[in-house]
S.K.: 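Here you go, one structure.
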Amino acid sequence: MMQFARYLLCFFLGISVALSMSLSSSEQHYKYESEYSYTLLLDVIDTIHTYYFNDVDREDLIEFAIDGIFTNLDPYSGFLDSDDFQSINDSNSGQYFGYGFEVATDDDQITIITPYPNSPAARANLQPGDKVLQLNDTVIDSSNLTDVLMDIKQNSNNKRTINLTIERDTNDPFKLALNPELIHIESINAKILKDNIGYIQLNSFQNDATSAIIKQAKLWENETISGIILDVRNNPGGLLGQAISIADLFLKKGLIVSTEGRFFDANEVYYASQPTIFEDIPMVVLINKGSASASEVLAAALQENERATLVGETSFGKGTVQSLIPMLEMGNAIKLTIAKYSTPDGNDIHSKGIEPDIKISNEAILNSDYLDIIEQSTAQYDEPQDGQISSAIAWITTHN
């Protein structure tokens, strides 16, 4: 009897274990089936290709899927076809074909970051912060941002004129027309202002930017430079490595920038090293709302290491790092946000920007409230129409 009871107990235990395993397997199977997967994506594409009432090419469906992925990421990531990839490489080399402006798609709208100097956009007086309300006959909203950016690119490739409706601050919207052309971007423009102040306008963080500044420093070796103005207004950024190298030129020591991402190589800390240029002379960096990305890395490094005084307006506020990742097929690539960066003091400037030490707009400089900053009439300077440069000169002359 006792033996029969033991058999019966073992039988029920076996049933319980089997049932438990079955339920567990069912739960895992249900959990797996309920998750999105690559197999599901292929199944969706195959189903639409087979049963949709209109014939849709499978390649088009894959393109739609890719567009959907990047639409739901940040505005600085995107898929690049071979032409786009080549265009970015050309831009990093100092030239590209287009209208001459950089944009961001924050807050479901297209915002101008900056027009490039001597470009169709600059000649049409397009300005940082302008909102693009309409492209040709298309009113822009959150549903068609990707299509509008694609249309701008296609119009450029086909050498067509585009008509933009622009909103600037609280003023009434206005229209302007742009024709694409081959745009050459000089990494720097430089000259000596009165009082032997060296002025360097840094237009782009392209491949030769650091070497161009080193070359300019050598050209000024026989000059008694009393101060340096580094102008990164309307500079939308470029290669992070160039921003780090340029900061290193002006810093004897200190942290330049740190980056943080999910994979190992995205986590880096960059420090300054010897030698330096233009040591022990006052330095001003000019920034405005068109100063973004690498411009902000450089400006923050010089400000927070107490090497330079920042003059101008709050910068754009782009605190992320993008990398170009080539694909294996057809020369395509992905421009992907791989990290965020922090300034030397550990600040995250994304969507906030960098605050200048002397905050002053180029328009407000004409008001008498700022005469104490300029000290005297700006007519004595080489750039009387540029109040921010005049303010920088005044600051340098009082700190020598």
Side-chain angles (χ1 to χ4, degrees), residues 74-76 102-104 106-107 111-114 127-130 199-205 209 213 228-251 254-260 268-272 282-322 337 339-365 370 373 386-389 391-392 395-396:
D74 68 299
Y76 305 107
E102 287 275 342
V103 300
D106 284 324
D107 300 324
T111 303
I112 302 298
I113 299 178
T114 189
Q127 295 181 13
D130 285 349
Y199 170 80
I200 300 174
Q201 182 181 37
L202 181 54
N203 301 312
S204 173
F205 290 86
I213 291 179
I228 289 291
I229 298 173
L230 183 61
D231 190 346
V232 293
R233 293 174 300 176
N234 298 334
N235 184 326
L239 300 172
L240 175 63
Q242 290 294 313
I244 294 168
S245 297
I246 293 170
D248 195 12
L249 289 178
F250 292 100
L251 293 173
L255 177 62
I256 295 174
V257 69
S258 59
T259 62
E260 179 184 352
E268 296 285 353
V269 180
Y270 299 92
Y271 288 93
M283 183 176 183
V284 169
V285 177
L286 300 178
I287 61 172
N288 67 359
K289 56 189 174 183
S291 305
S293 192
S295 292
E296 294 172 296
V297 170
L298 174 58
L302 297 178
Q303 180 190 46
E304 294 181 7
N305 281 286
E306 299 182 353
R307 176 61 188 95
T309 295
L310 268 54
V311 173
E313 303 168 327
T314 303
S315 62
F316 183 81
K318 180 175 176 289
T320 57
V321 179
Q322 286 70 45
T337 299
K340 62 180 182 179
Y341 70 80
S342 298
T343 69
D345 288 345
N347 296 318
D348 178 1
I349 60 94
H350 195 67
S351 299
K352 296 180 252 182
I354 300 170
E355 292 293 331
D357 299 296
I358 302 174
K359 190 168 187 178
I360 181 171
S361 69
N362 204 44
E363 295 79 13
I365 192 67
Y370 291 95
I373 298 176
D386 193 324
Q388 290 167 339
I389 290 180
S391 295
W395 185 90
I396 288 173

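Small disclaimer: the values here were computed from a predicted structure and weren't measured.
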S.K.: Ignoring hydrogens, what is the shortest heavy-atom contact between A209 and S204? Give both atom names and the distance.
M.R.: CB-O, 3.6 Å

S.K.: Return yes if some donor-acceptor pair links the side-chain N/O of N305 with the main-chain N/O of R307 below 3.5 Å, else return no.
M.R.: no

S.K.: With no hydrogens and no angle check, is any side-chain donor or acceptor of N234 less than 3.5 Å from a backbone partner on N288?
M.R.: no

S.K.: Okay, side chain of S291, backbone of V232: is any donor-acceptor separation there less than 3.5 Å?
M.R.: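 Yes, S291 side chain to V232 backbone: donor-acceptor pair under 3.5 Å.
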
S.K.: Between E296 (side chain) and K318 (backbone), is there a donor-acceptor pair under 3.5 Å?
M.R.: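 At least one qualifying donor-acceptor pair exists.
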
S.K.: Could you check whether any side-chain heavy atom of S293 comes within less than 4.5 Å of a side-chain heavy atom of F316, counting everything from C-beta outward?
M.R.: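 No, side chains not in contact.
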
S.K.: Without hydrogens or angle criteria, can the side chains of N347 and E304 be said to hold a donor-acceptor pair below 3.5 Å?
M.R.: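 Side-chain D/A pair, N347 to E304: present.
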
S.K.: Report the distance from atom CD1 of I358 to atom CD of E355, rounding to the nearest 0.5 Å.
M.R.: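 Spacing of CD1 (I358) from CD (E355) equals 13.5 Å.
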
S.K.: Would you compute the distance between atom OG1 of T343 and atom CD of Q303 and round it to the nearest 0.5 angstrom?
M.R.: 8.5 Å

S.K.: Any idea which heavy atoms bring G238 and A294 closest together, and the distance?
M.R.: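 Distance-wise, the nearest heavy atoms are N-CB, 3.9 Å.
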
S.K.: With a 4.5 Å limit on heavy-atom distance, are the side chains of I112 and Q127 in contact?
M.R.: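 No - every pair of side-chain heavy atoms lies 4.5 Å or more apart.
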
S.K.: How many angstroms lie between atom CG of D74 and atom NZ of K340, to the nearest 0.5 angstrom?
M.R.: 13.0 Å

S.K.: Report yes if some heavy atom in the side chain of P282 is under 4.5 Å from a heavy atom in the side chain of W395; otherwise report no.
M.R.: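 Yes, at least one pair of side-chain atoms sits under 4.5 Å.
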
S.K.: With a 4.5 Å cut-off on side-chain heavy atoms, are F205 and L240 touching?
M.R.: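 No; the side chains remain at least 4.5 Å from each other.
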
S.K.: Search all heavy atoms of I256 against all heavy atoms of A301 and return the closest pair with its distance.
M.R.: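 For I256 versus A301, the nearest heavy atoms are O-CB, 3.6 Å.
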
S.K.: Between L298 and N235, is any pair of side-chain heavy atoms under 4.5 Å apart?
M.R.: no

S.K.: Let me know which of I287, V284, L286 forms a side-chain contact (heavy atoms from CB on, under 4.5 Å) with L310.
M.R.: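 Passing option: I287.
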
S.K.: Please check if the side chain of K352 supplies one atom and the backbone of D348 the other of a donor-acceptor pair under 3.5 Å.
M.R.: yes

S.K.: Calculate, to the nearest 0.5 Å, the distance between atoms OG1 and OH belonging to T320 and Y76 respectively.
M.R.: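 If we round to the nearest 0.5 Å, T320:OG1 and Y76:OH are 6.5 Å apart.
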
S.K.: To the nearest 0.5 Å, what is the distance between CD1 (I200) and CD1 (I228)?
M.R.: 5.0 Å

S.K.: How many angstroms lie between CG in L251 and OH in Y271, if you round to the nearest 0.5 Å?
M.R.: 13.0 Å

S.K.: Do any N or O atoms from the side chain of Q388 and from the backbone of V311 form a donor-acceptor pair under 3.5 angstrom?
M.R.: no

